[in-house]
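Only one structure is covered here, and it is reproduced in the block below.
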Amino acid sequence: MLRLIVRALRSRPGRFWMTVGGIAVCTVLVLALQATHRSVAASVRTYLGQPGMDLWVAPRGSDNFMRSSALLADGMADSLLSVDGVAAADPVARAFVTVKSARGHGPSVRRLALMGVGYRAPDGLGGPPMLAEGRAPSRRNDVVLDRAAAWRLGTAVGDTLWINGRGGIVTGLAEGTNLLATHLVFANLSAVAGMSGIRGRASFVIVRIAPDARTDVVAEAIRERFPALNVFARGEFLAANLREIGAGFLPVLSLIGLLGVLAAGSLIALLSHAVVEQSRAEIAVLLALGSSVRGIGTALIGEALLLAGIGFVTGFLMIRALDAALARWWPVVLLPVSPDGAAMVLTLFVMAGVVAALLPLLGLRRIDPLEAFRP
Amino acid sequence: MIVLELDRVSKTRGHGRRAVSALREVSLAVRSGELVLLEGPSGSGKTTLLGVAAGLLTPTCGGVRLAGRWLGALGQAERRALRATRVGFVFQRANLLARLSVAENVMLMGAIANGGHPTERREVLRLLAMLDVEPVADRKPRELSGGEEQRVAVARALVHHPAIVFADEPTGNLDGAAGRAVASALTVAARECGAAVLVATHDARLHPYASRRVRIEDGVLLPYTSLTPS
């Protein structure tokens with residue numbers, strides 16, 4: 001019976017598909033926001049989760065790579081080597097730098113603020129996690145640039161860049177280093193420290209522990225030996241960084257995402273309201289014949305769920321297509337949609353659809369079955 | 001057997017100075033197999049009487065017994081269930097659901113009456129054949145003539161074997177041949193299906209088909225009835 005009632009009360013095709021389109025756009029919006037955060041978090045994981053970067057040593061008060069100021073003497077790395085269980089210790093300098101592409105002057109010069117990472121190139125800890133092209137820096141002026149940043153600057157391997165006013169040669173392009181709001185650029189420790197005015201200093205020291213050593217034991221040994229330092233295991237440091245990223249992004253993304261869900265809910269409410277008004281005569285007939293308000297309401301909620309479902313699937317396919325197109329033509333923004341994220345958004349849309357359909361259903365009670373008798 | 005009994009039923013619409021007596025102490029009984037015409041001018045209370053008799057309106061005073069149950073003793077849900085299972089309706093406009101086919105319109109009524117299980121298509125087709133509209137079973141209502149639409153509406157009213165069919169001006173919008181076809185269909189309802197049929201009308205073409213005629217004016221059922229042999 002429900003199937004017949006659903007068909008009998010179905011909204012007009014034009015209106016239905018316009019609503020589906022609106023819900024699909026809302027889906028794209030919400031999934032894109034979610035994917036944006038996911039993309040940044042994935043880059044953070046890719047860089048900080050590199051094998052061999054077992055412990056992060058920082059000055060007291062610094063607990064993340066992304067947004068804390070941290071300065072240590074770069075000789076601290078050599079001091080840490082004397083701790084039992086430490087196999088390698090490399091300093092990393094992190095500083096925001098201004099990068100200009102050398103292609104032209106005046107308005108044609110492209111300029112970006114990037115996060116410069118200086119490390120003991122080419123083999124020290126803290127270098128680029130993956131190279132899409134080229135090689136790691138080896139000479140003082142070599143730089144490896146995030147692939148998306150290179151695209152934005154219009155540079156390629158072999159080109160010259162100006163970093164804080166000093167020339168550098170792009171020797172490679174890195175992947176997994178796109179933080180969206182900024183990108184990572186890698187160079188020799190001395191070069192980054194020099195151009196940032198922190199010569200002889202490092203931001204962190206990364207420690208690789210010996211194969212037979214335990215991370216917690218080594219961390220404790222460092223804390224005992226250097227009580228003024230913070231020592232973080234890789235997972236702990238990664239979590240702190242993800243928390244920082246979340247603190248910056250998530251409130252805004254959540255608010256805009258919520259607005260997207262509300263917009264989708266409003267569309268469903270509008271359509272459900274239109275269906276009730278447009279089908280008033282049919283509903284009066286059904287009520288006169290003995291249908292229950294609940295039965296008709298269930299049919300309308302079914303229609304709302306159908307809308308939410310088709311709208312979501314359309315939006316999901318759209319964002320997959322958009323992600324593929326962006327990767328090909330504008331690789332600055334990546335939109336990787338996860339199955340669990342998509343399931344969460346679908347759940348939100350279904351809930352919004354049901355709530356939105358409930359409001360117009362209140363109007364059902366105002367329809368008098370006697371309206372069926374009107375000529 | 002008496003299927004519908006109205007016992008001194010009155011119905012007042014509105015309140016205070018705006019109160020209008022739509023029905024005044026109306027008493028009426030309709031038996032199985034009877035086709036009763038309820039005649040009267042527009043605004044005389046015919047539709048109100050149908051509404052009260054079908055349990056769609058609550059009388060201000062008096063009682064209504066429908067299919068053996070006093071409506072005053074039933075709650076809203078019970079009245080709705082009684083209407084779904086024991087009552088059929090034919091409206092002035094056929095009021096078929098435009099997106100469903102003819103057969104589906106009839107099956108839907110079966111589903112409403114049978115707790116969600118639609119009547120079998122075979123049975124629906126048999127009923128449509130009885131009313132001479134079986135060839136249009138798979139068409140949409142907009143593809144039918146007015147007479148065909150009303151005969152389908154009669155089929156919808158009969159598919160769940162109701163005890164009584166209420167028809168409100170069923171031939172009001174139809175020309176001669178179509179009107180006669182609908183009148184025949186209502187006669188089928190009464191004589192072959194055994195339902196009581198109460199038809200509100202001022203169409204004199206229905207007189208030859210009626211078992212009995214009653215007249216209502218200003219909400220008062222006139223004391224005389226015109227009985228005609230069936």
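Below, chain A is the first sequence line, B the second, and so on; all start at residue 1.
- Side chain of B:R213 to backbone of B:L37: no donor-acceptor contact under 3.5 angstrom is found.
- Taking chain A as the reference chain and counting heavy-atom pairs below 4.5 Å, the highest number among B:R83, B:M109, B:E169, B:Q76 is found for B:R83.
- For the options B:H160, B:E104, B:R79, heavy-atom pairs under 4.5 Å to chain A are most numerous at B:E104.
- Of the atoms belonging to A:S279, not a single heavy atom falls under 4.5 Å from chain B.
- The contact between A:L289 and chain B is made by backbone and side chain atoms together, counting heavy-atom distances below 4.5 Å.
- At least one donor-acceptor pair closer than 3.5 Å links the side chain of B:S44 to the backbone N or O of B:P41.
- Between the side chain of A:T314 and the main chain of A:I310, a donor-acceptor pair closer than 3.5 Å is present.
- Note: A:A288 leads A:P369, A:A288, A:A281 in heavy-atom pairs under 4.5 Å with chain B.
- Heavy-atom proximity under 4.5 angstrom to chain A picks out B:L50, B:G51, B:L56, B:L57 from residues 49-62 of chain B.
- A donor-acceptor distance shorter than 3.5 angstrom exists from the side chain of B:E78 to the backbone of B:G75, with no hydrogens or angles considered.
- Using modelled atom types, no side-chain atom of A:N178 and backbone atom of A:A149 make a donor-acceptor pair closer than 3.5 Å.
- With a threshold of 4.5 angstrom between heavy atoms, B:R93 approaches chain A through side-chain atoms but not through N, CA, C or O.
- No hydrogens or angles considered: a donor-acceptor pair under 3.5 Å links the side chains of A:R152 and A:H183.
- Close approach to chain A, defined as a heavy atom under 4.5 Å from one of its heavy atoms, is seen in B:R156 of residues 141-158 of chain B, taken by number.
- For the side-chain contact (heavy atoms from CB on, under 4.5 Å) test with B:L23, the passing option among B:T12, B:D218, B:I216 is B:I216; the others fail.
- B:N105 places a side-chain N or O within 3.5 Å of a backbone atom of B:S101 that can act as its donor or acceptor partner.
- Taking the ring-ring contact (aromatic ring centres under 6.0 Å, His included) definition, one finds that A:F373 meets it with B:F89, B:F91, sequence neighbours left out.
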Extract all donor-acceptor atom pairs below 3.5 Å that involve side chains of residues 334-363 of chain A and protein atoms in other chains or at least two apart in sequence.
| from | atom 1 | to | atom 2 | distance (Å) |
| --- | --- | --- | --- | --- |
| A:S338 | OG | A:D340 | OD1 | 2.7 |
| A:S338 | OG | A:G341 | N | 3.0 |
| A:T347 | OG1 | A:A343 | O | 2.7 |

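- Interface remark: of the candidates B:T85, B:L97, B:L100, B:L100 forms the most heavy-atom pairs closer than 4.5 Å to chain A.
- For B:D168, the part sitting under 4.5 Å from any heavy atom of chain A is the side chain, from C-beta outward, and nothing else.
- Side-chain atoms of B:T171 and B:D203 form a donor-acceptor pair, as typed in the model, at a separation below 3.5 Å.
- Side chains of A:H273 and A:Q278: a donor-acceptor N/O pair is absent below 3.5 angstrom, by distance only.
- Side-chain atoms of B:K11 do not come within 3.5 Å of backbone N or O of B:G219 as any donor-acceptor pair.
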